> 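Below you will find the structure I want to go over with you.
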2 protein chains.
Amino acid sequence: MRILIVEDEPTLGNQLKTTLEQNGYAVDLSADGEDGHFLGSTEEYDAVVLDLGLPEIDGLTVLGMWRREGRNFPVLVLTARDSWSDKVAGLDAGADDYLAKPFQTEELIARLRALIRRATGNASSELTAGDVRLDTRSGRVTLKGEPVKLTAQEYKLLSYLMHHKGKVVSRTELIEHIYDQDFDRDSNTIEVFVTRIRKKLGADVITTIRGLGYSLDDPADQPRG
Amino acid sequence: MRILIVEDEPTLGNQLKTTLEQNGYAVDLSADGEDGHFLGSTEEYDAVVLDLGLPEIDGLTVLGMWRREGRNFPVLVLTARDSWSDKVAGLDAGADDYLAKPFQTEELIARLRALIRRATGNASSELTAGDVRLDTRSGRVTLKGEPVKLTAQEYKLLSYLMHHKGKVVSRTELIEHIYDQDFDRDSNTIEVFVTRIRKKLGADVITTIRGLGYSLDDPADQPRG
DNA sequence: TCTTCGACGATCAGGATACGCATGTGCTCT
DNA sequence: AGAGCACATGCGTATCCTGATCGTCGAAGA
């Protein structure tokens, strides 16, 4: 985990840097807003500790610039000011947390832990196979980046296959997982939807294994022969 | 957005509930740890306000139980105690933010906004999708710069969709996050409000995915995945 | 190796239906 | 009184299932 500290007061800055490094973080230290902004814009950080009272450029301005550039690493704001209106301004400017000086370094560490946990906790549940990409969180399917419109049943079928990528899935297994309890098993709906999916995503995404079922393979997983 | 308040002091609890409801949140109020834990485990909340000093079960214990159950809604912890060691304990137990009593309700609102903003992956308090712009701070909505008047429910619905831009949101998910606990889930209110919003903002802002739900897409996000 | 035949899978189209949309009505809270 | 809301009803249609037909694979025999 990599942290950027933007703090103009050398004593505090170096103390923070040392403490964070002892806690296993990689730390960059910047002493003014301009330099800090440049670092935050060009390097990859997991979190930023930002002092509001900076020379040259104000901390809130730097924060606003980052957010407008699309940088969305978690930012913890430090300030000597203690009025709640300043806190509100900071939070609304895009800060994720706030800490008033003076503070215990233990609290800073704990807050950083919480911020990073939250930022990385949103692991995107994306399934891919070849050019096909399925996002289970958003319920979206794309082919070579282009969004593809699937109906509910088509989506369910594809989703199950992608969750069991590389495995041969029998038709009864598909029926059991796509439909609820009572469903007439003597019908060819599965084949129908396989056909439709193939039409939308290409014939080669789903492989037929005669007498056994279907299988969805990722070309990337096949050590070609 | 739906909030759970766990606060044993009735005066403060009801005051918070009222204030949050006036700010457009659906709010459930629980007076003790056991009940609060049950609600947080079974219902869908976008954020939780948790008082540490509770009868029956301690707030930190409740928080720990939630996290062990895999519940990861943002939690804002309230406490009368002001020592930093308690803050650290709270944050390490899985809290996302901390507020010491007494506090300004404005600050609570601002912090909740920030928590929800981060939890849904949005860096700015201004949400945009195509020509539609929604400012969570002022509660204003504009279409091509022109202000649009939305009713409370219309705003809640649109706000939730914009917080989850690009994701397919089911009708039950919408109901769970827009209304509080006691609400008859068998009605078509969601469809009605979707219709109303489309009339005011244009038919193409909200896409229907049959059998799955609704989705709000930003044309600017379409090129490439 | 080639041919043939049976079995399984793929495809197509029509009807049934569940789904979502729009409008209307009365209730509730300002 | 008015606005906003929940809820009910009727309508149009996308989606789904069904059944029939067509296509394809593979084993077995010549």
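Values below: all heavy atoms of this structure, side chains included; hydrogens, waters and symmetry mates excluded. Remember, it's a predicted structure, so these values are computed and weren't measured experimentally. The chains referred to below are lettered A, B, ... by the order of the sequence lines, with proteins before strands, and numbering in each begins at 1.
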> Over all strands shown, is B:Arg198 touching base, sugar-phosphate only, or nothing at heavy-atom distances under 4.0 angstrom?
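Sugar-phosphate only.
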> Any ion pair linking B:Asp217 and A:Arg140 (charged N to carboxylate O, less than 4.0 Å)?
yes
> Is A:Tyr214 close enough to C:dG9 that one of its side-chain N or O atoms is under 4.0 Å from OP1 or OP2 there?
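A:Tyr214 to C:dG9 OP1/OP2: no side-chain N or O under 4.0 Å.
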> Between atom CG in B:Leu150 and atom P in D:dA3, what is the gap in whole Å?
17 Å
> Give each protein N/O atom lying under 3.5 Å from an N/O atom of nucleotides 27-30 of chain C, with the pair distance.
none

> Can A:Arg67 and A:Asp96 be counted as an ion pair, charged N to O under 4.0 angstrom?
yes
> Would you classify B:Glu191 as touching base, sugar-phosphate or nothing, given that sugar-phosphate means primed atoms plus P, OP1 and OP2, and contacts are heavy atoms under 4.0 Å?
base
> Is there a side-chain contact between A:Ser187 and the phosphate of D:dT18, meaning an N or O under 4.0 Å from OP1 or OP2?
yes
> Give B:Val194 one of three labels, base, sugar-phosphate or nothing, depending on what nucleic acid heavy atoms sit under 4.0 Å from its own.
nothing
> Just wondering, more than 12 heavy atoms not from B:Phe38 lying within 6.0 Å of its CZ?
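For B:Phe38, atom CZ is not crowded (no more than 12 foreign heavy atoms under 6.0 Å).
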> Take atom CD1 of A:Ile197 and atom P of C:dA10, then tell me their distance rounded to the nearest Å.
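That distance rounds to 12 Å.
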> Considering all heavy atoms of both residues, which atom of B:Ile206 and which atom of B:Arg198 are nearest to each other, and what is their separation?
O-NH2, 3.0 Å
> With under 30° as parallel and over 60° as perpendicular, where do the rings of B:Tyr45 and B:Phe73 fit, or are they tilted in between?
perpendicular
> Is a salt bridge present between B:Arg171 and B:Glu191, judged by a nitrogen-to-oxygen distance below 4.0 Å?
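Yes, B:Arg171 and B:Glu191 are salt-bridged.
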> As a test of reading the structure: which of D:dA8, D:dG4, D:dT18 is closest to the side chain of B:Lys149, going by heavy atoms?
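It is D:dG4.
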> From CD of B:Gln153 over to P of D:dC5, roughly how many Å is that when rounded to an integer?
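The distance from CD of B:Gln153 to P of D:dC5 comes to 5 Å, rounded to the nearest Å.
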> Listed in order of residue number, which residues of residues 199-209 of chain A have a non-hydrogen atom at under 4.0 Å from DNA chain C?
A:Lys199, A:Thr208
> Can you tell whether the side chains of A:Arg196 and A:Glu154 come within less than 4.0 Å, N to carboxylate O?
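A:Glu154 and A:Arg196: salt-bridged.
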